[in-house]
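Worksheet: the structure to be examined is printed underneath.
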Amino acid sequence: MDLPHVAPELSGATRLAAVIGDPVRHSLSPAIFNAAFRATGLDWVYLAFEVPAGRGADALAACRALGIEGLSVTMPHKDVAASSVDVLSDRAAALGAVNCVRRQGDRLHGDNTDGPGFVAALRAAADVDLDGCRAVVLGAGGAARAIVHALGEAGAGEVVVVNRTEAAAVVAAGLVAVGRVGSATDDVPSADLVVNATSVGMRVPGEPGHEQGSPLDPSLLRPGQVVADIVYHPATTVLLRDAAAVGARTVGGLGMLVHQAAAAFEIWTGSPAPLPAMWAAAEAGLAARGD
Ligand code: ATR
């Protein structure tokens, strides 16, 4: 898809949305959201604000003062955003983490679109039937907890959390009635769905070879399983390559980024998200990074 390269005409009526985080300069969100605004003809613009740890609450106060319509919240501010907004969705309250803020007058509403974004991406990519499925989630950080919660909401029969640090796994598994802590050896071979929600396999600028890692011994994977990775850089992680080699279906991580943004777009604007434009912008933005 060809995207217009000209900046939109900004005016006094232009509405602002933004991401706050640190680091944030390599965020794909400005490309994704500005493409969405262009595609829908909305007079909105989206910027990235580098807000260091400890200043998250100030940034939310600025959102009220400046009349910023919507904020994406990324690390390290998701927890403080949950305690600084006026209204929390049930999901954000359960997770204690907000990645999407909508301003309504002087009141800020906090939600979390990471989990629903993951499930939407999974359904779009692999048409997975989550009802009653046996899922294994590798990792127990913020992304993993959002995914565990969303899989529980989507009707998974069992969500097994496998994590290097067991205490964190206990917290993540406790988010849903069907959650429990398990191990890769015991639980991965019989799973319908395996999700890598750790950072293992991610390309880290300045750390060559980091992306060579995989969170799983490939001998644990089985044909017919769905294997999803939240890592999107590289697009094909070692885990996904191993999974494809045994005949598993694979789902890359960019879809979660695009679909959580699509959910935020809809929360802020009330309009359906233009997914093809958002996908194209995410892919182009990633290709342009060149790291
Ligand atoms: P995010 O918010 O992106 O989920 P996070 O909260 O820092 O990030 O969580 C990162 C997850 O990746 C954690 O589950 C972490 O395991 P620990 O709880 O044991 O720290 C996992 N992780 C990171 N590096 C890892 C590694 N080298 N091996 C195994 N797990 C790793």
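Counting starts at 1 for both ligands and their atoms, following the listed order.
- Taking a heavy-atom cut-off of under 4.0 Å, ligand 1 is surrounded by G139, A140, G141, G142, A143, N163, R164, T165, T198, S199, V200.
- Salt bridge status for K78 with D114: present, with a side-chain N to carboxylate O gap under 4.0 Å.
- To the nearest 0.5 Å, atom CG of residue L88 and atom CG of residue D111 are 9.0 Å apart.
- Annotation: side chain of C63 is in contact with side chain of L108 (closest heavy-atom distance under 4.5 Å).
- For F265, the ring pair (Phe, Tyr, Trp, His ring centres under 6.0 Å) test picks out F37, with sequence neighbours left out.
- A salt bridge between R134 and D187 is absent, with no side-chain N of the basic residue lying under 4.0 Å from a carboxylate O of the acidic one.
- Between W44 and W268, the ring-plane angle classifies as parallel under the 30° and 60° cut-offs.
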